Amino acid sequence: MSLFLNRKLLFFTLVFALFQASFAQEPVKVERSNNKVILEGKIYYIHVVKPGQTLYSIAKAYHVSQKEIAIENPGVMSGLQIGQALKIPLVTTLDEQIDTSPGQEPAYNEEGFAYHKVKRRETLYSIARYYNVAVEQIRTANPELGWGGPKTGQVIRIPLPQVLDHPETVLDTLPVDSMFHVKKDSLLEDYNYEELIFQHDDPNRTYRVAFFIPFDFQEPEPLDSLIKDVRSVTRQNRIIERYRREQKIPQAENFLEFFQGTLLAIDSIRQSGMKLDVRFYDTRKSMIQTRSIIENEDMEELDLIIGPFYPFNLEIVSKFARKYRIPVVTPFYAEQDYVRGNPYLFQVSPSLEQRYKEAAKLIASKHMYNIVYVRDEDSLNIEKHDYFKELIFDGFDDYCPVEPVIFKEVVQKLKHTDEIIHSLSKDKKNLVVVPTRNEALASRVVSSLYFQLKKFEIEVIGTPYWTEFSSIDYRYYHELSLIYFNPFWVDYLDPDVNVFLNRYRDHFHNEPQSTTKQGINYGIAGYDITFYFINALRLYGSRFILSLDEYQPDLVMEPYNFSRVSSAGGFENAQITFYQFTPEMNIGKIEVPDLPVKSFFFRPLEDRRRRFLYFDRN
């Protein structure tokens with residue numbers, strides 16, 4: 001395989017030669033929505049994106065410019081998602097009257113949905129309870145939410161009772177063939193891989209592997225055309241800041257590096273003599289494209305699928321793979337909603353639940369410290385904070401079932417850090433836990449604590465996002481002995497890592513430098529994921545699922561530790577490694593202490609916080 005291609009040539013060869021021909025689509029007529037809402041006194045249409053619709057066609061239908069839609073809906077210039085709800089500004093005429101009286105909460109039904117404007121301090125839980133629907137049903141109807149909650153003023157779709165039995169229709173309006181439907185009851189049944197127990201593959205056979213990668217390369221619209229009709233300086237600055245952030249590293253560039261990493265892994269495995277039929281498909285950000293790919297008859301004969309990356313496409317591919325018993329690997333998706341119901345799904349990125357469990361153990365092992373838990377004012381994350389704290393309290397029961405624990409909670413305001421300082425203790429070490437991805441909050445807390453080091457002994461626990469923050473001096477991390485967890489750490493001092501980097505440079509004449517927000521290197525992840533799973537096919541054949549306990553190949557990043565999430569579900573990588581910055585300007589691994597030998601005794605089944613010296617500084 002010849003890999004000595006420059007970056008641009010490789011990319012366009014990829015798009016136009018390696019991949020299947022583009023699926024031509026006829027222009028789709030856009031019908032104006034009758035749904036309107038009032039946001040901050042301004043009237044908007046709520047338009048739900050249908051298959052084949054473009055920003056241009058939507059703007060034309062509503063008689064507004066593309067720039068006006070882009071201003072109200074950040075990120076649409078990077079592409080639309082089917083099912084996405086867009087705010088379209090309304091040019092009010094005399095015959096259009098909407099009730100704007102105080103207290104009105106307008107919600108309009110369309111195709112079985114209500115539209116809800118999120119108010120301050122509302123959470124997904126409270127909204128779901130109000131409409132008598134499940135939180136996961138709201139998430140399914142609003143894929144842009146991801147793990148997090150909605151923001152104040154955001155408009156979200158609420159599935160009404162008459163459509164709750166068909167959640168798969170929420171994300172796509174295409175006719176769905178019965179092949180994509182898996183009965184819910186069957187997802188709950190135990191699955192033992194009986195078809196694999198006595199299966200033995202021919203060692204000379206050719207394995208078929210497909211990659212679903214969303215390149216979706218698009219030329220960005222010139223910045224001056226985005227702001228030329230915007231009069232507000234504040235809004236202009238906001239558009240400029242968002243544009244620069246999105247164009248700093250185009251998304252297509254990231255996935256190109258992932259692709260390059262896969263090529264290196266495939267080249268290594270082929271040198272061992274393994275016969276491979278490898279196919280690359282560009283899923284873009286399109287559910288239509290993804291469905292079109294898997295509708296090909298020969299897709300049923302695949303031995304392995306790596307990708308897709310976006311959850312709305314993963315849902316489609318996961319159902320297809322479940323039906324035809326094809327192992328499918330999701331590289332970066334970190335929620336358990338699909339892996340719980342598909343015994344053939346492998347989730348490489350540990351879920352937030354798994355990360356919290358491991359972090360809670362580490363925090364609980366430091367029960368002798370003065371523990372200060374810091375969170376922001378955003379009420380949308382309260383459910384996650386409550387879950388994390390419950391895990392920490394469970395850990396206290398394991399590590400110190402009798403001794404009292406000092407645990408203080410501080411709700412931090414960006415302009416003031418006095419409460420954190422007042423929560424510190426001079427009599428013992430302080431552990432400040434800041435589970436946030438908010439760079440402004442992290443920067444404020446870290447800088448304030450740094451200047452208290454002469455008075456207090458302080459350690460800080462952050463999140464994987466912190467290593468990607470650019471506004472914080474790394475010297476602060478070292479002096480505060482920052483601890484963070486990351487399942488995809490790359491040790492650039494490791495000789496094996498340098499061997500890989502030299503090989504990458506030799507083939508592609510560049511560095512694998514694109515990373516996710518959590519610091520996952522796209523190029524290295526592409527190599528590790530591809531090598532791990534295709535090499536498993538080489539060694540064990542289709543039965544590799546039954547041999548994971550004994551399979552530990554050498555990877556560039558941390559090894560994987562796949563464990564099954566349930567007797568009916570698939571596998572999640574449970575590998576979480578903790579690292580600590582040291583005052584000597586090093587970064588080293590740290591281990592979570594083993595649990596002490598338990599002493600059994602009786603304790604009243606009451607609120608555990610009575611045993612903790614718990615301070616809530618709200």
Side-chain angles (χ1 to χ4, degrees), residues 14-15 19-20 22-23 48-55 73-86 136 138-148 157 167-174 176 180 210-218 246 249-259 262 280-295 299 305-322 328-339 341-342 345-349 351-352 514-518 520 522 525-526 529 570:
L14 166 71
V15 175
F19 294 157
Q20 59 187 26
S22 298
F23 294 87
V48 180
V49 179
K50 302 293 193 303
Q53 294 181 350
T54 64
L55 186 59
N73 302 271
V76 297
M77 286 300 183
S78 300
L80 300 177
Q81 297 181 15
I82 296 171
Q84 182 179 2
L86 300 179
E136 287 305 315
I138 298 180
R139 288 193 186 279
T140 302
N142 300 271
E144 66 276 8
L145 291 178
W147 215 112
R157 304 167 76 193
E168 55 271 285
T169 62
V170 173
L171 289 176
D172 200 346
T173 58
L174 288 176
V176 182
F180 298 116
F211 289 83
F212 289 24
I213 304 178
F215 290 93
D216 195 27
F217 180 78
Q218 298 178 8
E246 292 177 352
I249 301 180
Q251 195 69 2
E253 181 94 350
N254 297 338
F255 291 118
L256 174 59
E257 290 191 4
F258 184 91
F259 167 73
T262 69
F280 292 89
Y281 297 95
D282 181 6
T283 59
R284 308 174 194 167
K285 290 184 179 178
S286 169
M287 298 173 72
I288 297 177
Q289 179 85 340
T290 303
R291 292 189 192 277
S292 299
I293 293 171
I294 63 177
E295 284 174 355
M299 300 298 288
I305 298 174
I306 295 180
F309 288 76
Y310 293 111
F312 45 85
N313 284 336
L314 175 60
E315 181 180 21
I316 297 171
V317 175
S318 178
K319 290 180 179 180
F320 171 84
R322 172 67 175 86
V328 58
V329 183
T330 172
F332 300 146
Y333 189 64
E335 293 187 34
Q336 293 184 338
D337 43 356
Y338 299 130
V339 74
N342 184 351
L345 181 59
F346 289 81
Q347 183 170 305
V348 177
S349 186
S351 63
L352 187 63
S514 297
T515 61
T516 69
K517 293 179 180 178
Q518 299 184 60
I520 306 173
Y522 279 88
I529 291 171

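Bear in mind that the values here come from a model prediction, so they are computed numbers and not experimental data. These numbers come from the heavy atoms of this one structure, side chains and all, not from hydrogens, waters or symmetry mates.
Here the straight-line distance linking atom CG of Asn254 with atom CD1 of Ile213 works out to 12.0 Å at 0.5 Å rounding. For the atom pair Arg322 CZ and Tyr338 OH, the distance stands at 16.0 Å (nearest 0.5 Å). A distance of 8.5 Å separates CG of Leu80 from CD of Gln53, quoted to the nearest 0.5 Å. Taking CZ from Phe320 and CZ from Arg291, the interatomic distance works out to 12.5 Å, rounded to the nearest 0.5 Å.
When Phe212, Tyr281, Phe211 are each tested for a side chain to side chain contact (heavy atoms under 4.5 Å, CB included) with Ile305, only one passes: Phe212. When Thr330, Asp337, Val339, Thr283 are each tested for a side chain to side chain contact (heavy atoms under 4.5 Å, CB included) with Leu314, only one passes: Thr330.
Summarising the geometry of Glu335 relative to Gln347, their closest heavy-atom pair is O-OE1, 2.6 Å, with the distance given to 0.1 Å. Nearest heavy atoms, Pro331 versus Ile529: CB-CD1, 3.7 Å. Of all the heavy atoms in Val317 and Gly307, the pair that sits closest is CG1-O, 4.4 Å.
Residues meeting the side chain to side chain donor-acceptor pair (under 3.5 Å) test with Thr290, sequence neighbours left out: Asn313. Qualifying ring pair (Phe, Tyr, Trp, His ring centres under 6.0 Å) partners for Phe258, counting only residues two or more places apart in sequence or in other chains: Phe309. Under the rule for a side chain to side chain donor-acceptor pair (under 3.5 Å), the partners of Ser318 that lie at least two apart in sequence or sit in another chain are Asn342. With sequence neighbours excluded, the residues forming a side chain to side chain donor-acceptor pair (under 3.5 Å) with Gln336 are Arg340, Ser351, Glu572, listed by chain and number. Not counting sequence neighbours, the partners of Thr516 by the side chain to side chain contact (heavy atoms under 4.5 Å, CB included) test are Phe332, Gln518, Ile520, Tyr522.
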* Quick one: do Met299 and Ile293 satisfy side chain to side chain contact (heavy atoms under 4.5 Å, CB included)? Show the steps, please. => CA-CA 8 Å; Met299 300 298 288; Ile293 293 171; 3.9 Å; yes
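Under the 3.5 Å distance criterion, the side-chain polar atoms of Asp282 are matched with a main-chain donor or acceptor of Phe215.
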